[in-house]
Protein chains: 2
Amino acid sequence: MISADQALVKKMNKKLVLREIIHTSPVSRAKLSEVTGLNKTTVSSQVADLLDDNLIFEIGQGLSSGGRRPVMLVFNKNAGFTIGIDLGVDYLTIVLTDLEGTIVSESHQKIDSTLPCDLQKLMITLLEKQISVIPDSRYGLIGICLGVPGLVNNDQELTFTPNSNWSEIPFKQILEQTFQVPVFVENEANTGAYGEKEYGAAKHFKNIVYVSINAGIGTGVIQNNELLKGKNGLFGEMGHTVIDFNGPRCTCGNRGCWELYASEKALHQSLMSNNQTVMWQDILHRAKQNDPQVLQALDTFGFYLGIGLKNIINTFDPEVIILRNRIIEAFPQVLNSIRHTLVPNHTHAPDVNILLVSALKHNATALGAAAIMIKHFIDGVTA
Amino acid sequence: MISADQALVKKMNKKLVLREIIHTSPVSRAKLSEVTGLNKTTVSSQVADLLDDNLIFEIGQGLSSGGRRPVMLVFNKNAGFTIGIDLGVDYLTIVLTDLEGTIVSESHQKIDSTLPCDLQKLMITLLEKQISVIPDSRYGLIGICLGVPGLVNNDQELTFTPNSNWSEIPFKQILEQTFQVPVFVENEANTGAYGEKEYGAAKHFKNIVYVSINAGIGTGVIQNNELLKGKNGLFGEMGHTVIDFNGPRCTCGNRGCWELYASEKALHQSLMSNNQTVMWQDILHRAKQNDPQVLQALDTFGFYLGIGLKNIINTFDPEVIILRNRIIEAFPQVLNSIRHTLVPNHTHAPDVNILLVSALKHNATALGAAAIMIKHFIDGVTA
DNA sequence: TATACTTAATTTAGTCAATATATAAAGTAG
DNA sequence: CTACTTTATATATTGACTAAATTAAGTATA
């Protein structure tokens with residue numbers, strides 16, 4: 001069991017001061033004392049420590065409001081850098097960010113091979129390229145976080161991927177050995193949720209559900225600023241919840257899973273002609289030209305999404321739901337179909353404003369991964 | 001923002017020591033120092049405080065294992081008492097417990113009137129009777145917690161009750177004024193979940209879902225030992241999630257809600273003949289006599305329960321699900337029907353051992369309410 | 001029975017991070 | 001130029017924890 005002592009007090013207050021500087025910089029010692037409730041002496045001492053750590057620096061004097069001019073402090077966002085990865089079934093997005101999550105460099109690469117060894121080589125090559133451009137800094141590369149479309153257990157092993165062979169690769173182990181930095185592996189919906197919470201559409205909320213609609217449907221749930229994980233890290237994986245128990249059989253063994261109706265795969269299938277798959281770019285193009293068949297399909301898509309989103313509202317009682325889908329982002333009219341389903345003429349209907357579209361869009365997963373790594377780093381230097 | 005200081009350290013360690021005494025008493029100061037990691041001097045000091053508070057006492061010397069004999073400490077479970085209430089649509093259960101959740105006195109009363117003012121009088125009368133038997137103790141009645149079948153907002157106001165008029169009564173305000181003690185109001189599924197977690201079937205788990213099946217279906221979710229609440233306190237209220245979007249219209253405005261299929265109300269309706277309602281005692285009786293119609297109905301009941309429970313597993317990834325229903329408790333064969341639905345012949349099937357039956361049974365809600373009050377009290381005296 | 005060893009709990013002295021108060025630094029206002 | 005403000009630091013004190021020594025009370029063994 002863990003007992004408390006003065007070291008803990010110091011760490012807690014250090015984190016408190018650093019957080020406040022990050023969120024309100026530039027800020028003076030006096031102001032910090034005021035908002036944190038800490039004694040001025042204590043703040044000065046903590047600030048001295050943080051200056052030693054290169055986590056903050058002084059930018060000179062601020063404006064006087066009738067007395068001695070304050071020394072303004074700012075967060076040193078370039079004290080270190082992190083890499084967030086979005087590994088898809090057929091693409092690999094890598095972002096290099098500073099400690100505020102601002103992208104310094106990024107790469108988007110299509111994955112041509114389905115062989116795990118090819119992906120492994122590709123990933124390491126691309127990472128080496130990104131790492132080579134990291135500026136000189138006190139902490140350098142603080143770590144790598146990987147968002148993956150599949151089930152991640154509590155040991156951060158990728159145990160199941162529906163549409164790829166990536167679960168054969170022990171990412172954490174390989175990347176830690178290769179680059180000698182901490183590596184985290186997370187489900188893409190969880191990293192996406194965290195990204196939107198830190199930098200995106202959910203910045204000002206603490207109870208959110210993030211829904212990413214790709215080939216399948218992934219869900220990440222944040223409650224009181226904490227990602228919920230469940231026993232095996234599968235919390236919120238709602239793609240295979242049943243919305244019609246008489247419906248068609250799913251690959252998971254159940255009938256009428258949400259994914260069968262409201263995934264991009266389902267949308268594509270509804271538009272397939274002569275066994276010819278439709279590209280999503282085509283769908284978008286035709287939608288913008290008011291192609292009736294596509295508009296009809298998108299309306300149905302929205303209806304089915306709405307069914308599951310209604311379940312999400314009834315299940316998690318969130319402040320907001322963030323939708324992450326390339327078609328919805330480019331053609332927001334789909335939201336109207338969803339809202340029609342969500343809000344029948346009834347008193348118990350949820351607030352329509354609960355629906356938001358991803359602000360980070362195609363970078364949500366990678367930026368969220370970076371954000372998770374940054375949080376871990378900040379927790380580490382202040383503990 | 002809240003900063004840390006020495007007072008916080010002391011409180012944290014006080015709670016640590018008290019918890020350890022509660023869970024392992026009788027225990028010596030030396031042993032406490034060993035398991036908590038705190039210095040022997042610190043433990044002695046904290047123990048002295050707790051002795052002062054009458055929260056623990058010494059029961060004399062324990063056995064020597066080759067040295068000075070230890071002084072054994074135990075939790076003073078009679079330092080105070082609490083009342084937990086289970087308010088149903090037509091019944092009122094009250095339990096008076098000590099600080100370990102052991103029932104000292106209880107009352108089960110049928111509510112004949114549907115008038116709020118009648119219930120209010122009845123409740124106060126019964127509470128006065130229970131309070132009159134509380135033994136002399138340092139803290140006396142530490143508070144009252146009320147579990148209710150309806151929606152409770154973050155201000156502990158009962159905002160909606162599907163089958164009664166109880167939401168008109170400002171319980172918290174009335175009971176606090178009448179008895180001058182802290183009063184909490186919680187959804188019955190949340191108190192039940194907490195009760196099973198503290199004293200019942202889920203004692204050794206930290207990620208649990210509790211499902212109470214009455215006229216409707218209530219769900220309480222505990223993740224990492226914390227009750228999840230959501231924005232409006234509706235987290236986990238899954239009775240109105242859709243399991244068949246083509247299904248019949250529900251009073252909530254949606255189609256095919258789980259409650260329409262898997263509540264006791266649904267079971268009763270499936271067995272209704274000539275517009276004559278069936279009593280649950282009859283159902284049980286006929287089931288035990290192998291009445292085919294009832295067995296069939298229960299099998300269907302189990303199937304529909306299974307559909308929703310599968311969704312719960314896919315949604316919350318819990319260690320265990322606790323089922324609270326009087327018919328299932330008395331006739332556990334229903335579990336087999338549920339398990340058949342839960343586990344089709346498929347690799348992704350969940351572990352059948354995930355299903356547990358309530359250990360606290362008809363007292364789950366009231367005992368859970370008491371447990372919540374006790375937790376609040378312990379948090380209070382150590383803060 | 002005497003001696004050595006163990007274990008339990010307290011006493012005493014010291015550490016560390018916080019606070020309170022006083023002081024210094026550097027401005028504004030009239 | 002003087003009085004007042006605001007910012008930041010210096011000094012002394014407080015309080016919770018720790019370490020080491022001490023007291024207390026047993027067991028083990030020759």
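Just so we're on the same page: letters track the sequence lines, and every chain starts at 1. Every value quoted in this text rests on a predicted model; they were computed, and no experiment measured them. Any value given below was found using the heavy atoms of this structure, including those in side chains, with hydrogens, waters and symmetry copies removed.
Taking both residues in full, the closest heavy atoms of B:Gly80 and B:Ile142 are given as CA-CG2, 4.3 Å, listed atom of the first, atom of the second, then distance. Between A:Ser64 and A:Arg69, the closest heavy-atom pair is CB-CG, 3.6 Å.
Among the candidates A:Glu20, A:Glu34, A:Glu58, the single residue satisfying the salt bridge (charged side-chain N to carboxylate O under 4.0 Å, His left out) test with A:Arg29 is A:Glu58.
Between B:Lys10 and B:Asp49, at least one side-chain nitrogen of the basic residue sits less than 4.0 Å from a carboxylate oxygen of the acidic one, meeting the salt-bridge criterion. Using a 4.0 Å cut-off between a side-chain N of Lys or Arg and a carboxylate O of Asp or Glu, A:Lys15 and A:Asp379 qualify as a salt bridge.
Protein atom CG of B:Asp5 is 12 Å distant from nucleotide atom P of D:dC17, rounded to whole Å. Taking atom NZ of residue B:Lys40 and atom C1' of nucleotide D:dT18, one finds them 12 Å apart after rounding to whole Å. Atom CD in A:Gln6 sits roughly 10 Å away from atom P in D:dA16 (whole-Å rounding). If you measure from atom CZ of B:Arg68 to atom C1' of D:dT22, you get 11 Å, rounded to the nearest angstrom.
Residue contacts for A:Ser64: at a heavy-atom cut-off of 4.0 Å it reaches the sugar-phosphate backbone alone, with no base atom in range. Within the nucleic acid shown, A:Thr42 comes within 4.0 Å of at least one base atom, counting heavy atoms only. Contact annotation for B:Val71: backbone-only contact, meaning every heavy-atom pair under 4.0 Å involves sugar-phosphate atoms and none involves a base.
At a threshold of 4.5 Å between non-hydrogen side-chain atoms, the residues B:Val35 and B:Lys31 count as touching. Under the 4.5 Å side-chain criterion, counting only non-hydrogen atoms from C-beta, A:Glu186 is in contact with A:Ile372.
More than 12 heavy atoms of other residues, nucleotides or ligands shown are found within 6.0 angstrom of NZ on A:Lys172.
A tilted orientation is assigned to the rings of B:Phe235 and B:Phe316, their planes being inclined by 30° to 60°.
Along DNA chain D, the nucleotide nearest B:Arg69 and the nucleotide nearest B:Leu38 are compared for position; the residue whose nucleotide lies closer to the 5' end is B:Leu38. Mapping B:Asn39 and B:Glu34 onto DNA chain C by nearest heavy atom places B:Glu34 at the nucleotide closer to the 5' end.
Side-chain atoms of A:Ser28 stay outside donor-acceptor range of the base of D:dA8, with no qualifying N/O pair under 3.5 Å.
Side-chain N/O atoms of A:Asn232 and B:Asp317 include a donor and acceptor closer than 3.5 Å.
Contact check, A:Ser44 against D:dT9: a side-chain N or O comes under 4.0 Å of OP1 or OP2. Regarding contacts with the backbone of D:dT9, a side-chain N or O of A:Arg29 is found under 4.0 angstrom from either OP1 or OP2.
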(message) For B:Asp53 and B:Lys14: C-alpha separation, side-chain torsions, deciding distance, then whether salt bridge (Lys or Arg N to Asp or Glu O under 4.0 Å) applies.
(response) CA-CA 11 Å; B:Asp53 291 340; B:Lys14 185 171 180 180; 2.8 Å; yes

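One axis for each end of the helix from C:dT1-D:dA30 to C:dG30-D:dC1, each built from five base pairs, and the angle between them comes to 10° at 10° resolution.
Taking the 5' to 3' direction, DNA chain C first and last meets chain B under 4.0 angstrom from a heavy atom at C:dT6 to C:dA18.
Contacts between residues 46-63 of chain B and DNA chain D, counted as heavy-atom distances below 4.0 Å, involve B:Gln46.
Under the 6.0 Å cut-off for aromatic ring centres, B:Phe81 and B:Tyr139 do not qualify, their centroids lying 6.0 Å or more apart.
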